Undergrad: 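Below is a structure I'd like to ask you about.
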Amino acid sequence: MKYGVHHGYALKNINLAISAGEKIGIVGRTGAGKSSLAKVLFRLIHENISGSISIDGQDISEFGVGDYRPRLGMIPQESSLFGGSIRNNLDPLHQFDIEEMWAALIKCGLAKHMLSYHSSFNDHDNMTDHQKEEACVREQWNNAGWLKRLVMVVLNRVPSASSLADIRKPHGLDKSIQDCFGRLTSGQKQLFGLCRVIMRKRKIVVLDEATANVDLETDKSVQALISTEFSDCTVLTIAHRLDTIMNSDRIIVMDKGTIAEIGTPRELLAKDGVFAQLVKTSDFGQ
Ligand SMILES: Nc1ncnc2c1ncn2[C@@H]1O[C@H](COP(=O)(O)OP(=O)(O)OP(=O)(O)O)[C@@H](O)[C@H]1O
């Protein structure tokens, strides 16, 4: 594949079979061809390309776009979001019901950001987000003096009337992203991308791992979601950090547009090849 007749090959001699459900990490230096591989998979390149890609044994060029795109989900580094409500950003075609949207928002950890949230309950993994929110409101109420309680009443944050229940009403989704989040962090933008893919239940998911400005908590939730929500899916992670893909079934090492190495992390570490070199270089985030 070339980006133009006068360009060199961005991808060449790629011969690759990925099994359903496999978790694949794709690594390589800048310009190695990782994004190009994703672009051809999503059929974003139509010219200067030869060869074929099949999904479930069927050449993707034979699929209509309407049949093809719904099989794949892309989670970009920073999902594009537009002004307007959370609902419109998640479901511009009005295909989903409110419960489906809330379920995805809760899974991605975005629902709790839509409320002022008490961090001391974040570590209680055995509690649902709803229970955490209720416990948080109860604790705040118990510790509050009369003035703070008065403020909580005004803000409708009293234990018996969970503010999560309030924000779960349809109008909560009709709030603008700006109103709920202020300025979104890069990590939150990626979580919105995750949310969209979870709602749409894609079987093949390409995750372009965020490179910058992702806080530890967001990073952990993205990784946890990939392993739980996408456990049955085929996941291709374009990785910019090694630790996130060390549990992959296989790692593809791209170099100058070709697959330089492919194998389990253990196999690749055992031979002193490109992957082992990447591990050693400090510019790879290790
Ligand atoms: N739109 C484009 N037009 C022309 N050349 C491009 C274009 N996009 C990528 N390339 C070139 O194709 C090659 C592969 O780039 P690609 O973006 O796939 O690499 P990458 O491994 O994803 O890099 P990075 O980690 O920096 O995103 C590079 O030589 C790059 O300069």
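Numbers for residues simply follow the sequence, beginning at 1. All values reported here derive from a predicted model rather than from experimental measurement. As the structure lists them, so they are numbered: ligands from 1, and atoms in each ligand from 1.
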Undergrad: With a cut-off of 4.0 Å, which atoms of ligand 1 are near a heavy atom of R29?
TA: 21 (O)
Undergrad: Quick check on side chain to side chain contact (heavy atoms under 4.5 Å, CB included): which of I252, L207, I26, T237 does I245 satisfy it with?
TA: T237
Undergrad: Does the protein put a heavy atom under 4.0 Å from atom 4 (C) of ligand 1?
TA: yes
Undergrad: Is there a donor-acceptor pair under 3.5 Å between the side chain of N88 and the backbone N or O of P92?
TA: no
Undergrad: Which is closest to atom 23 (O) of ligand 1 in terms of heavy atoms, A38, G31, S36, A32?
TA: G31
Undergrad: Report yes if some heavy atom in the side chain of V253 is under 4.5 Å from a heavy atom in the side chain of R29; otherwise report no.
TA: no
Undergrad: Starting from atom 22 (O) of ligand 1, find the nearest protein heavy-atom neighbour and note its residue, name and distance.
TA: S35 OG, 2.6 Å
Undergrad: Taking T234 for its side chain and G21 for its backbone only, find out whether a donor-acceptor pair lies under 3.5 Å.
TA: yes
Undergrad: Go through it in stages, so that I can follow the logic: the residues are S36 and Y3, the test is side-chain hydrogen bond (donor to acceptor under 3.5 Å, both in side chains), and I'd like the CA-CA distance, side-chain angles, deciding distance and then a yes or no.
TA: CA-CA 9 Å; S36 302; Y3 282 96; 2.7 Å; yes
Undergrad: Check the side chains of H7 and N48 for a donor-acceptor pair under 3.5 angstrom, ignoring hydrogens and angles.
TA: no
Undergrad: Does K280 pair with D272 as a salt bridge, N-O distance under 4.0 Å?
TA: yes
Undergrad: Taking the non-hydrogen atoms of G33, is any one of them nearer than 4.0 angstrom to ligand 1?
TA: yes
Undergrad: Considering non-hydrogen atoms of the protein only, which is the closest contact for atom 26 (O) of ligand 1, and what is the distance?
TA: T30 CG2, 3.1 Å
Undergrad: Could you check atom 21 (O) of ligand 1 against the protein and tell me its nearest heavy-atom contact, residue, atom and distance included?
TA: K34 NZ, 2.8 Å
Undergrad: How far is atom 12 (O) of ligand 1 from its nearest protein heavy atom, and which residue and atom name does that atom have?
TA: Y3 CE1, 3.4 Å
Undergrad: Looking only at heavy atoms, is any part of H7 under 4.0 Å from ligand 1, and if so is it the side chain, the backbone, or both, or is it neither?
TA: side chain
